[in-house]
Amino acid sequence: MNTDPIADFLTRVRNAVAANHRVVEIPASNIKKEITKILFDQGYILSYKFDDSSAQGSIKIALKYDKDTKDSVIKDIQRISKPGLRKYASAGELPRILNGLGIAIISTSHGVMTDKQARSKNVGGEVLCYVY
């Protein structure tokens with residue numbers, strides 16, 4: 001039984017990056033789809049595909065690597081708010097990751113968005129994860 005599906009999502013991506021895989025397949029949910037869209041929009045993944053052929057569906061993510069060094073674009077991806085200890089931040093207290101070089105993914109009342117988008121809309125929420 002999986003008690004934290006977002007942590008499972010992040011761990012699958014982290015493990016695929018560590019093993020230099022090109023594609024990783026993850027069971028789908030609405031919040032995982034939103035996190036995937038943010039990772040694509042911010043340039044951390046090459047592409048993604050939502051496959052709704054089964055009951056739950058799945059997400060196929062093509063990971064992005066540097067052409068010269070063959071290093072992954074995702075250096076680290078960390079779960080912040082956990083089921084046992086939720087982490088919330090108001091609009092003024094949103095974290096800055098690597099002085100703006102990384103992103104924090106925030107779940108707000110206006111949907112899932114990056115810390116920069118939440119700051120511009122002046123909303124806070126649950127800090128899901130850091131990506132850099």
Side-chain angles (χ1 to χ4, degrees):
M1 184 173 81
N2 190 5
T3 58
D4 189 3
I6 297 171
D8 178 60
F9 171 88
L10 299 176
T11 301
R12 285 177 190 239
V13 171
R14 192 180 312 115
N15 289 343
V17 164
N20 290 323
H21 288 278
R22 296 286 173 208
V23 178
V24 60
E25 189 169 350
I26 300 164
S29 72
N30 288 337
I31 195 157
K32 291 181 200 174
K33 288 179 181 179
E34 293 301 316
I35 292 172
T36 304
K37 289 177 188 174
I38 289 173
L39 290 176
F40 177 73
D41 292 340
Q42 297 297 315
Y44 286 103
I45 60 175
L46 198 58
S47 65
Y48 62 91
K49 181 181 178 190
F50 299 139
D51 182 20
D52 295 327
S53 60
S54 65
Q56 182 176 1
S58 66
I59 305 169
K60 290 186 180 177
I61 298 174
L63 300 172
K64 191 174 187 178
Y65 293 92
D66 187 275
K67 291 179 180 158
D68 299 328
T69 62
K70 306 290 189 230
D71 289 336
S72 173
V73 173
I74 298 174
K75 302 295 179 213
D76 194 15
I77 188 164
Q78 298 175 340
R79 178 77 157 120
I80 302 303
S81 183
K82 300 178 172 118
L85 180 62
R86 299 289 184 188
K87 301 277 187 183
Y88 296 95
S90 65
E93 300 169 344
L94 289 171
R96 288 179 54 87
I97 312 307
L98 290 179
N99 206 18
L101 295 176
I103 62 168
I105 299 178
I106 315 290
S107 176
T108 69
S109 57
H110 296 271
V112 179
M113 60 184 71
T114 65
D115 56 330
K116 294 170 191 166
Q117 293 168 331
R119 234 180 254 107
S120 69
K121 291 186 178 184
N122 199 28
V123 294
E126 182 180 354
V127 182
L128 296 177
C129 62
Y130 295 160
V131 183
Y132 50 91

### Message
Using every non-hydrogen atom in the two residues, find where Ala118 and Leu94 come nearest and quote the distance to one decimal.
### Response
CB-CD1, 3.5 Å

### Message
The criterion is salt bridge (charged side-chain N to carboxylate O under 4.0 Å, His left out); which residues satisfy it with Arg14, sequence neighbours excluded?
### Response
none

### Query
Looking at Gly102 and Leu98, what are the two nearest heavy atoms and their distance?
N-CB, 4.1 Å

### Message
Less than 4.5 Å apart, side chain to side chain, heavy atoms only: is that true for Ile77 and Val17?
### Response
no

### Query
Same cluster for Tyr65 and Leu39 if Ile/Leu/Val/Met/Phe/Trp/Tyr side chains link at under 4.5 Å?
yes

### Task
Could you tell me whether the side chain of Ser107 reaches within less than 4.5 Å of the side chain of Glu34, counting heavy atoms only?
no

### Task
Mark yes when over 12 heavy atoms from residues, nucleotides or ligands other than Asn30 sit less than 6.0 Å from its CG; otherwise mark no.
no

### Query
Which pairs count as ring-ring contact (aromatic ring centres under 6.0 Å, His included) when at least one residue sits in residues 20-49, sequence neighbours excluded?
Phe40-Tyr48, Tyr48-Phe50

### Query
Do Glu25 and Ile59 come within less than 4.5 Å of each other through their side chains, counting heavy atoms only?
no

### Query
Do you know which two heavy atoms are closest between Lys33 and Ala28, and how far apart they sit?
CE-CB, 4.0 Å

### Message
Please check this pair: side chain of Ser72 against backbone of Lys75, looking for a donor-acceptor N/O pair closer than 3.5 Å.
### Response
no

## Note on the structure
What one should report as the nearest heavy-atom pair of Leu63 and Leu46 is O-CB, 4.0 Å

### Message
Would you say that Ile61 contacts Arg12 through its side chain, given a criterion of any heavy-atom pair below 4.5 Å between the two side chains?
### Response
no

### Query
Can you name the nearest heavy-atom pair linking Thr3 to Pro83, along with the distance?
O-CG, 4.2 Å

#### Entry: Closest non-hydrogen atom pair between Arg86 and Ser81, with its separation
CA-OG, 3.2 Å

### Task
Determine whether more than 12 heavy atoms belonging to other residues, nucleotides or ligands lie under 6.0 Å from atom NZ of Lys49.
no

### Message
I'd like to check Tyr88 versus Glu93 (side-chain heavy atoms, cut-off strictly below 4.5 Å). Are they in contact?
### Response
no

### Task
Would you check if the side chain of Gln56 reaches a backbone N or O of Ser29 as a donor-acceptor pair within less than 3.5 Å?
no

### Query
Short question: side chain of Lys60, backbone of Val23 - any donor-acceptor pair under 3.5 Å?
no

